[in-house]
Structures are given as structure tokens and as C-alpha cells.
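The structure appears below as C-alpha cells.
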Amino acid sequence: MSESALRHRFRERYGSVPRVFQAPGRVNLIGEHTDYNEGFVFPMAIGFTTRVAAAPRAGRRIQAFSENFQTAHTCDLDAPGPPQGSWGDYLTGVAVLLQRGGANLCGADLLIESDVPIGAGLSSSAALEVALALALAGMSGAQVDRLSLARLCQQAEHEFAGARCGLMDQFTACFAREGHALCLDCRTLEYEADPLPPGVAVVLCNSMVKHELAAGEYNHRRRDCEAAAAELGVRALRDVTPARLAQEDGRLAPRLLRRARHVVTENQRVQRAATALRRGDAAGFGALMFASHESLRADFEVSCAELDTLVDLARRAPGVLGARMTGGGFGGCTVNLVEAGRASAFAEFMRAGYLRATGIEPAIYLCQAAAGAGEVGGA
Ligand code: GLA
């Protein structure tokens, strides 16, 4: 739905004129399951967005309606209830965390609409959290700096959605820059915005599957990483070099060793990928993406048959430089680096090949690196 259509629907539903806030989904080019290990990631925002139209209302209730789910959710600011397993948990979570941070929120009417594919590994939940947080802060005039906003949205996800996620998704939604990917150090939160090289396209292939294990397995992986770090006597796996891991592998149980090896080698790959990008070496960047996928599949064990099929197909596709699963895993999308002039041929090859192999029609998206969250235009 266009922004003006959203404003129009808002006026129809609530009879007042809204302000509109938006936040983008993201794709991670390389650096998976490294953020909560205080390592390195390389995401960019994409053109899919969540928009929240908002106007203040009298009283202490936030009344929201989702155009995507066609359901309503109400949050009483003085007595927010526990999570209920619906999209409304993100609203309650963000409201609770903003108030805990000292914001003096007021009642509001909200209308939410998103074209970020859900369950596709493109961070639809972070886009929703950040757009909601901007809207609620905007309604009450609360001043919340962007980093605090990203952090409170991450905390809302921990407490209200039960996923102990890292900061990558919320950080990207808040700090992304058009035409750039962010090479982010998740320990210091220093980042460099790197322009995407000319002549290269970022193409996403959506496997259209989301395996049920995703949420529980994510937290298991995080626990494995924390256990490996504790065994090795470091604060986080970020502090382990490949050489140190090779010396000490006898100390770790085989599963923890595989988890640690993924994180340690993935951090190295992100740094190499950044160097390759800055040298204009798109082929070098792509080779690191293939290696990342292999590590996620074999050592971190967060891929699945459909994602592996997409990456195997990509190896034989026209114009491809690199391919890997992106996001938490167990379904969702692969990210592919493709010669721009061959992006349509690539898309057609992938569509036909995946359909033949699995019987599933994939969705294929050609992405531009988009800007981060904010308020949209005037009323
Ligand atoms: C999810 C989490 C992120 C990150 C990725 C895996 O998207 O929200 O914090 O851990 O998985 O890289």
C-alpha cells in the first residue's frame, strides 16, 4: 500500500490526520550469527518497509490495527499485559521498554502496514519494532537517540518474542544508508558505510519455507556459543583467533567446536569481505559468501535442504559471484551477488531450477540498498 493510501485509510478508520513513520527490512551480505558473539556483520537495508501511521488519542491506551493481519491490538500503558503470541506483542514490548527507559508515553491510534516478507529472514520484526518505537516516541515528544532506540527494540524482542537476538537487525533499521552496506563491529558498534560496487546487483531468492525449529534453535545456538566462550576462558567468541582455536580444539566437545569454528572463521570472512569490497573485488567478496554458506551448513547447522538447493543452483547460474543463506536460517532467503547485466537471466534460472527441484515457486527480489528508519514527509 502506498504511503498516501495508508494516510487515507487512517483517516477513514480513526477520523484524524496521522504522522507516518517507517523502518526498512534488511539483508545481511555476510557475517551470520556473529552479532551476539560481539563479532562483525555486513548488512544493508532493503526497499521493503513497515509503515506506522499514528495520531495521539486521549487517555492511556494505544489502539492499533494491522492491515496485514486484519486484526486489532490494544495496549493499556498503565497495565500492559503479558505476551500473547501475536504481532501485538511487539507493540506492547516496545511500549514497555520505552517507558522503562523513562519516556512518558501518551495514548495513540496506530495503523500498521508492511511489505517486508514475514518469516523470510529479512527482519520484518525489527522493522516493525523500530517503526513502532519511532511512532510512539514521536506521539509523546520523547527524545530517544537512535542507538538507545535500537537497543530497546532488541530488548523487546528478547522479553516479548522470546528470541535472544543480537543487535544487527535493529541497528541496521536505524542506521542504514542508501546505496551502502554497513560493516559493523558488534562489540564497539563502530561501523563504516561502504558503497556497493557499480555493476553488481544484490538478488534475494526466497525459498518460501520457514521451518518450525527456527525460534528454539536460535537460542540453542546462542547458548552453544556462550558455552564455548566460557570453556575457552574468553568474554565472547570474538576474542578467539583461528590459530588459538586450532591449538585448543581438544578442550571443546565436538558440537561446541563446530559452533566456535563457524563464528571464528565467519568473523575473519567479514573482514576479508570488507577489504575485497573496498578494493572493488566483487568476485573475492562472492567467494567468501559461498564459504560462509558452507560454514553455516556444516558447522553451525542452521541451513536446510531448500536453502542448500538455492545455493547449489546459484553456483551454476549466469552471472553469479556469490550466494549464501541470510538471516537466522532454517528457511527464508538466500542472498546472491550477481553481475548487474545478468540479473534477469539469473532470476529466471533460479526460478525455473528451484521450481523443478522442489515443486515450489520461489519469490525473487532485486534489491537496492535503502535508507534507515524515519518519519515520512509531511501530513
Ligand atoms: C537474526 C537475529 C540477528 C542475527 C541473525 C543471524 O536475524 O535477529 O540478531 O543474530 O539472526 O546472523
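Each ligand, and each atom within it, is numbered from 1 in the order the structure gives. Counting from 1, the numbers follow the sequence of the chain as shown. Keep in mind that this is a model prediction, so the values were computed, not measured.
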>> Are any of the N/O atoms on Tyr36, whether in the backbone or the side chain, positioned under 3.5 angstrom from an N/O atom of ligand 1?
In response: no
>> Using a 3.5 Å distance criterion without hydrogens, assess whether the side chain of Glu32 forms a donor-acceptor pair with backbone atoms of Gly327.
In response: yes
> Judging by distance only, is a nitrogen or oxygen of Glu32 under 3.5 angstrom from one on ligand 1?
Replying inline: yes
> Angle class for the Phe175/Tyr191 ring planes (parallel below 30°, perpendicular above 60°, tilted otherwise)?
Replying inline: tilted
>> Using a 4.0 Å cut-off to any heavy atom of Cys165, which atoms of ligand 1 qualify?
In response: 2 (C), 8 (O), 9 (O)
> Taking N or O atoms only and a 3.5 Å limit, does Arg26 qualify as a polar contact for ligand 1?
Replying inline: yes
> Against heavy atoms of Gly328, which atoms of ligand 1 measure under 4.0 Å?
Replying inline: 11 (O)
> Among protein heavy atoms, which lies nearest atom 7 (O) of ligand 1, and at what distance?
Replying inline: Asp169 OD2, 2.8 Å
>> Tell me the protein heavy atom at minimum distance from atom 10 (O) of ligand 1, and give that distance in Å.
In response: Tyr218 OH, 2.5 Å
> Do Asp308 and His293 have side-chain N/O donor and acceptor atoms under 3.5 Å apart?
Replying inline: yes
> So which protein heavy atom does atom 3 (C) of ligand 1 come closest to, and at what separation?
Replying inline: Asp35 OD2, 3.3 Å
> Should the ring pair His33 and Phe300 be called parallel, tilted or perpendicular, given that the plane angle runs from 0 to 90° and is split at 30 and 60?
Replying inline: tilted
>> Considering both backbone and side-chain atoms of Asn28, is one of its nitrogen or oxygen atoms within less than 3.5 Å of a nitrogen or oxygen in ligand 1?
In response: no
>> Taking the six-membered ring of Tyr14 as reference, does the cationic atom of Arg57 (NZ for Lys, CZ for Arg) lie under 6.0 Å from its centre and within 45° of its axis?
In response: no
> With Tyr365, which of Asn206, Ile46, Val203 fulfils side chain to side chain contact (heavy atoms under 4.5 Å, CB included)?
Replying inline: Asn206
> Under 4.0 Å from any heavy atom of Met168, which atoms of ligand 1 are there?
Replying inline: 4 (C), 5 (C), 12 (O)
> Has ligand 1 got any nitrogen or oxygen that is less than 3.5 angstrom from a nitrogen or oxygen of Gly166?
Replying inline: yes
> With no hydrogens and no angle check, is any side-chain donor or acceptor of Gln70 less than 3.5 Å from a backbone partner on Glu67?
Replying inline: yes
>> How about CD on Glu361, more than 12 heavy atoms from neighbouring residues, nucleotides or ligands closer than 6.0 Å, or not?
In response: yes
